[in-house]
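Okay, so here's the structure we're looking at.
Letters go in sequence order (proteins before strands), and every chain restarts at 1. Given the structure is predicted, the values throughout are model-derived calculations rather than measurements.
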Amino acid sequence: MPSLSVHAGGLELSNPILLAAGILGTTGASLCRAAKAGAGGVVTKSLGSLPREGHPGPTIVQVECGLLNAMGLPNPSYKDFQDEIDKARACGVPVIASIFGSFAAEFSQIARSLKADAFELNLSCPHAEKYGSELGRYPDLVESVTGAVKASSNVPVWVKLTPNTADIVELGLAAQRGGADGVVAINTLKAMAIDIETGYPILGNRFGGLSGPAIKPVAVRCVYELASRLEIPVIGVGGIAAWEDAIEMIMAGATAVQVGTALQRGYGVFEEITTGIARYLERKSLTLEELRGLAGRRGS
Amino acid sequence: MPSLSVHAGGLELSNPILLAAGILGTTGASLCRAAKAGAGGVVTKSLGSLPREGHPGPTIVQVECGLLNAMGLPNPSYKDFQDEIDKARACGVPVIASIFGSFAAEFSQIARSLKADAFELNLSCPHAEKYGSELGRYPDLVESVTGAVKASSNVPVWVKLTPNTADIVELGLAAQRGGADGVVAINTLKAMAIDIETGYPILGNRFGGLSGPAIKPVAVRCVYELASRLEIPVIGVGGIAAWEDAIEMIMAGATAVQVGTALQRGYGVFEEITTGIARYLERKSLTLEELRGLAGRRGS
Amino acid sequence: MKPINCVIEGVRSEAPLIRTFRLEKNLDPAPGQYVMIWIRGVDEVPMSFSGPDTITVQSVGEATSALFGLGAGSTVGLRGPLGNGFVLQGKRILLIGGGVGTAPLAFLGEQAKEAGCEVASLLGFRSKDDLIFQDRFESLGETIITTDDGSLGIHGRAAAGLKELNLYDWDQIYLCGPEMMMWDIISRTREHAQKTQACINRYFKCAAGICGSCCLDPDGIRVCVEGPVIMADRLLESEFGRYRRGPTGGKGPCRG
Amino acid sequence: MKPINCVIEGVRSEAPLIRTFRLEKNLDPAPGQYVMIWIRGVDEVPMSFSGPDTITVQSVGEATSALFGLGAGSTVGLRGPLGNGFVLQGKRILLIGGGVGTAPLAFLGEQAKEAGCEVASLLGFRSKDDLIFQDRFESLGETIITTDDGSLGIHGRAAAGLKELNLYDWDQIYLCGPEMMMWDIISRTREHAQKTQACINRYFKCAAGICGSCCLDPDGIRVCVEGPVIMADRLLESEFGRYRRGPTGGKGPCRG
Ligand SMILES: Cc1cc2nc3c(=O)[nH]c(=O)nc-3n(C[C@H](O)[C@H](O)[C@H](O)COP(=O)(O)OP(=O)(O)OC[C@H]3O[C@@H](n4cnc5c(N)ncnc54)[C@H](O)[C@@H]3O)c2cc1C
Ligand SMILES: Cc1cc2nc3c(=O)[nH]c(=O)nc-3n(C[C@H](O)[C@H](O)[C@H](O)COP(=O)(O)OP(=O)(O)OC[C@H]3O[C@@H](n4cnc5c(N)ncnc54)[C@H](O)[C@@H]3O)c2cc1C
Ligand SMILES: Cc1cc2nc3c(=O)[nH]c(=O)nc-3n(C[C@H](O)[C@H](O)[C@H](O)COP(=O)(O)O)c2cc1C
Ligand SMILES: Cc1cc2nc3c(=O)[nH]c(=O)nc-3n(C[C@H](O)[C@H](O)[C@H](O)COP(=O)(O)O)c2cc1C
Ligand code: FES
Ligand code: FES
């Protein structure tokens with residue numbers, strides 16, 4: 001079997017398929033389960049500085065081609081989460097702590113206090129006031145938040161970018177200037193659904209984020225654009241549900257790939273995807289390295 | 001049967017379901033066919049000042065949940081299109097000429113020269129260099145282009161907005177300041193697909209625009225946001241394939257709705273949708289007026 | 001799937017704070033399955049089926065009291081049926097329920113009886129006034145009732161009724177009620193844990209197996225999709241009865 | 001659906017600028033249907049099936065000459081089969097083809113013969129050297145050949161061969177070739193237009209019935225999905241033979 005191990009944004013991964021932030025990432029046990037199911041690494045639920053209950057329900061709506069969610073960043077605060085991270089780390093894969101805040105010092109405070117294998121800065125959640133993409137849409141804030149976290153932590157820092165922007169490359173370059181070890185693209189697209197019987201917006205928060213198959217072509221484009229312009233690795237996420245999708249993302253330039261919504265089908269997706277990639281590489285006599293960014297080399 | 005007629009952005013429409021720009025809008029005959037099939041109005045293919053052949057093929061890719069296209073604004077130039085518009089106008093519905101340019105004077109030159117029932121300014125195509133969203137992402141350019149066209153034309157002017165932005169309301173407000181009679185939201189999401197056998201980007205232009213069911217939740221959100229903040233009408237477009245979708249869009253605040261990708265199923269969609277809406281209004285004893293923006297009233 | 005619209009066809013008061021809502025739609029649920037009820041403009045919360053087309057709700061907070069504000073003819077949104085449901089095993093089954101947790105058991109008992117099973121029930125309530133579904137259970141078979149205040153039946157917690165029963169007589173035991181009551185039962189009846197199916201509650205946010213809110217330590221069982229019915233032997237080795245997570249994901253006590 | 005990957009299994013030269021490509025995939029096309037061939041990195045162009053798993057291509061420009069650069073073992077992307085295809089009608093059928101337009105007719109004739117039809121062919125070529133599929137047509141039945149330069153068969157355009165045939169003898173006529181040749185035939189045989197199926201070309205961009213590039217005046221027939229086979233009586237009342245639109249959508253002459 002060809003090797004799937006990869007060096008991605010400062011982490012050594014036994015395979016490039018990771019659990020995405022906010023997906024079954026609320027407890028050490030569920031993160032560990034993803035690791036045991038074959039994830040090459042796991043990202044926690046996004047952690048803030050104070051406990052948050054999140055938005056009222058419905059927090060998800062299944063739409064034709066994906067999922068809308070407006071969880072609203074529920075989390076017990078980073079102060080109450082080290083124990084979960086420790087449990088997950090005991091399961092043998094890198095644990096990336098996703099963190100959020102509304103200003104640089106809030107991020108760096110969290111990063112200073114948590115022990116994890118890497119941090120992923122959530123500058124991209126589209127449905128939580130004062131957080132996520134409300135900062136992450138501004139390159140200067142992306143740069144300063146990244147810089148602040150880098151200065152207060154000695155593990156790799158990834159920056160998760162929003163696709164709700166005219167130019168994701170600007171945001172990626174800002175993360176790079178801030179010293180990021182990698183960027184993660186994409187978070188969900190801001191979206192909504194309305195109940196046609198009554199006119200009520202379905203999500204408790206009205207607005208939410210669209211994920212799943214619907215957004216894959218947008219995610220692939222973002223990864224391609226970022227990979228062609230950035231020097232730091234790009235971690236691809238958005239609509240990956242099968243090994244073919246992961247191959248497409250890697251060809252677009254992704255060093256690693258995160259899987260979110262597809263976990264609805266169960267933890268088996270990790271093995272499905274990694275096995276599929278391994279078989280593909282074998283059939284094509286290619287290495288993961290050769291696959292990465294192939295579309296960029298073809299496309300120009 | 002309840003009335004479906006509506007006053008939308010300066011036009012009187014016998015029903016609110018229109019043919020979207022770039023869909024079967026290359027000839028007077030195909031526009032006329034949409035009118036005869038029940039469209040309340042038709043938008044032409046976007047017209048520029050010089051003939052363009054568009055991008056090499058593939059110009060479309062069918063993806064899981066929608067369509068990617070990179071036609072590249074092929075058109076014979078506005079100079080060679082009046083005849084087609086005239087033929088379409090003879091079919092009894094308003095004909096909206098979609099136009100594009102790379103600066104304000106180019107737009108207004110076209111608007112001055114063409115005779116149509118309204119203009120739709122394409123400030124949102126995501127895959128043609130120097131056109132579309134490359135201007136339309138900047139509120140000041142949206143405002144100045146709109147102003148220039150308003151000054152040189154005496155028919156209603158609609159501005160078609162890009163969702164590839166952090167804040168579509170900013171763009172809508174700019175159009176409104178420029179004097180637009182309505183905004184149209186949304187154009188396609190910038191996206192791409194890669195052939196996993198070879199790594200080639202599939203579209204001849206590499207990048208294209210995602211349309212169809214995949215983008216409906218994004219379109220509904222954009223329309224909702226715009227309708228809650230703008231004084232001018234919003235025309236909704238993006239992923240409308242069935243009457244339920246049109247109802248959702250109208251509840252989000254759309255005064256009229258355009259249909260694009262769903263025309264792949266044939267011209268029958270117009271009647272399907274208008275009949276469905278009429279039945280719904282009847283069952284609910286509602287008028288179109290009462291339906292419009294219902295989600296905004298529920299959601300706050 | 002988006003929530004489907006559903007008319008409430010009737011509402012029936014079972015006890016001061018407990019009502020049964022009859023839904024226009026029969027979603028063909030298995031007993032033990034639940035539905036996410038969207039009270040529009042308020043919240044979406046999980047409710048077990050208490051019959052093929054009913055849910056039985058205790059008013060405890062914002063969503064449930066808003067639901068109490070809805071009468072016949074009102075509508076709610078529905079997502080479901082969800083979760084695994086009870087599995088009918090053997091010919092002689094014992095139902096052990098507490099409070100509003102008796103609701104899915106009444107539904108199960110009726111299906112079991114129809115399938116030819118012998119059914120007995122042990123039901124615990126706080127007091128005589130909180131009693132629900134007495135008729136439904138009694139028409140299934142032997143029914144032992146306990147009340148905390150002794151106002152009816154055996155005085156004490158549900159577990160106090162265990163001494164009336166020989167658990168070895170029963171092929172399968174089905175359990176639903178407040179967490180501490182269930183914990184009380186399963187920790188006293190460890191030798192029967194492998195034949196005890198418990199329908200448990202956790203804080204459900206997505207009810208789609210994706211958000212992690214409902215995951216049970218230490219194995220990370222997603223209760224919303226792999227449950228809510230879980231074998232008692234797995235529960236004995238879990239957080240169950242010790243702590244549960246609230247809306248933030250942080251650990252809290254197992255009230256009730 | 002995304003383009004599927006397809007290995008070219010073999011290439012055969014039919015005439016100096018015409019080659020047949022055998023595809024690894026049999027897409028079970030009907031004669032008259034076409035496939036969009038994606039020559040990666042170059043363009044995607046429509047090609048009729050000349051057999052269940054072959055296309056026959058004339059090199060005329062960038063995409064076709066790039067295709068000529070691909071040998072056995074190379075791959076292309078495929079989208080199809082697309083369009084309506086010919087409909088087999090009656091027992092005695094006449095094929096009238098010109099140049100590379102004979103390709104789908106050979107495929108049709110073979111299927112018709114197998115179905116028990118009597119088949120005759122009238123084929124026009126520029127010159128003897130351009131002749132293709134002579135064997136295929138001759139093994140179907142009577143075959144009349146014309147050449148513009150008189151180097152083989154009747155001297156003249158395809159229409160010159162009409163006088164050898166009594167069109168009333170034939171249940172259905174199938175036509176494919178350069179537009180002016182087809183126009184020449186159908187305008188001379190108006191009384192047979194209702195039994196003449198013509199496989200025509202327009203500029204296809206999307207081949208999905210959505211972009212409008214291929215629409216035929218005055219009815220806006222989307223040739224890519226409602227065609228490419230169109231009854232001659234509809235063509236007689238259309239732009240066909242008068243003008244055709246190019247890649248910009250502007251009108252141009254009907255070359256060829
Ligand atoms: C699988 C399952 C089946 C259930 N079946 C029934 C039933 O048949 N009848 C019944 O009366 N109740 C049932 N419940 C409990 C019911 O969901 C809660 O009582 C209800 O959500 C309370 O909402 P509230 O807004 O009124 O109360 P709140 O004031 O929001 O909360 C009161 C308490 O209810 C619980 N709760 C609140 N929201 C949720 C939630 N989304 N998921 C789980 N628990 C929550 C919490 O423990 C909370 O402390 C069930 C719960 C689950 C998980
Ligand atoms: C339904 C259909 C079936 C066809 N079947 C065959 C066939 O079996 N064998 C064959 O050799 N040719 C066939 N053609 C024509 C073939 O598609 C063109 O010759 C080819 O696209 C030329 O591409 P190019 O890049 O080599 O030439 P270019 O230099 O791009 O153009 C040369 C000429 O080819 C035509 N053309 C170019 N692109 C297209 C296009 N996308 N759609 C239609 N016409 C185009 C135009 O008339 C153009 O002027 C068919 C066309 C259609 C519409
Ligand atoms: C239910 C849910 C919760 C999510 N929570 C978070 C989160 O807390 N932090 C974050 O950065 N992204 C969050 N995301 C976004 C995902 O990590 C991912 O970027 C997105 O869903 C696209 O990937 P997918 O299509 O594979 O799901 C969440 C997504 C979903 C569906
Ligand atoms: C093939 C194709 C061509 C298009 N051409 C144009 C165009 O010329 N001008 C424009 O403003 N929008 C164009 N669009 C965008 C559509 O008008 C519409 O905004 C978009 O497709 C979303 O709607 P839908 O999901 O109903 O297709 C085109 C879309 C497609 C699919
Ligand atoms: S409630 Fe979200 S995973 Fe169970
Ligand atoms: S080629 Fe696009 S509609 Fe026919």
So which residue, D:Gly246, D:Cys215, D:Gly77, ends up with the most heavy-atom pairs under 4.5 Å with chain B? D:Cys215
Closest heavy-atom pair and its distance - B:Thr59, D:Glu44: N-OE1, 4.4 Å
Looking only at heavy atoms and a cut-off of under 4.5 Å, which of D:Lys251, D:Lys205, D:Glu226, D:Glu62 has the most pairs with chain B? D:Lys205
Determine the option with the most heavy-atom pairs under 4.5 angstrom with chain D, choosing from B:Lys36, B:Glu53, B:Glu64. B:Glu53
Check step by step if salt bridge (charged side-chain N to carboxylate O under 4.0 Å, His left out) holds for B:Glu197 and D:Arg40. CA-CA 11 Å; B:Glu197 280 302 322; D:Arg40 293 186 177 96; over 6 Å; no
Inspect the surroundings of CD in B:Glu271 and state if more than 12 heavy atoms from other residues, nucleotides or ligands are less than 6.0 Å away. no
Nearest 0.5 Å, please: how far is CG in B:Leu203 from CH2 in D:Trp38? 8.5 Å
Once rounded to the nearest 0.5 Å, what's the spacing between atom OH of B:Tyr200 and atom OG1 of D:Thr75? 9.0 Å
Quick one, B:Arg33 with D:Asp219, criterion side chain to side chain contact (heavy atoms under 4.5 Å, CB included). Give me CA distance, side-chain angles, the key distance, then yes/no. CA-CA 7 Å; B:Arg33 196 170 167 192; D:Asp219 295 333; 5.9 Å; no
B:Ala29 and D:Asp217: which non-hydrogen atoms are nearest, and at how many Å? CB-OD1, 3.3 Å
Roughly how far, to the nearest 0.5 Å, is CG of D:Asn5 from CD1 of B:Ile196? 9.5 Å
Could you name the residues of residues 37-51 of chain B that have a heavy atom within less than 4.5 Å of a heavy atom in chain D? B:Pro51
Contacts of D:Arg126 meeting salt bridge (Lys or Arg N to Asp or Glu O under 4.0 Å) (sequence neighbours excluded), chain-then-number -> none
Considering non-hydrogen atoms only, spot the tightest contact between D:Pro3 and B:Val61 and give its length. CD-CG1, 4.2 Å
If you count every heavy atom of other residues, nucleotides or ligands that lies below 6.0 Å from D:Glu191 atom CD, does the total exceed 12? yes
Among B:Ile202, B:Val63, B:Ile23, which residue forms the greatest number of heavy-atom pairs with chain D at distances under 4.5 Å? B:Ile202
Minimum-distance pair of heavy atoms, taken over all atoms of D:Arg222 and B:Leu263: NH1-O, 4.0 Å
Residue by residue, scan residues 66-78 of chain B and write down, ordered by number, those that have a heavy-atom distance under 4.5 Å to chain D; if none do, write 'none'. B:Leu67, B:Met71, B:Pro74, B:Asn75, B:Pro76
Whatever's closer than 4.5 Å to a heavy atom in chain B on D:Arg79 counts as side chain
Side chain / backbone / both / neither for B:Arg52 at chain D, heavy atoms under 4.5 Å: backbone
Turns out that what part of B:Asn205 lies under 4.5 Å from chain D's heavy atoms comes down to neither
Minimum-distance pair of heavy atoms, taken over all atoms of D:Ile210 and B:Thr261: CD1-CA, 3.4 Å
So for D:Val42, is it side chain, backbone, both, or neither that comes closer than 4.5 Å to the heavy atoms of chain B? backbone
B:Lys115, NZ: over 12 other non-hydrogen atoms inside 6.0 angstrom: no
Please name all residues satisfying ring-ring contact (aromatic ring centres under 6.0 Å, His included) with B:Tyr131, sequence neighbours left out, ordered by chain then number. B:Phe100
Checking the side chain of B:Thr26 only, and the main-chain atoms of D:Cys211 only, is there a donor and an acceptor separated by less than 3.5 Å? yes
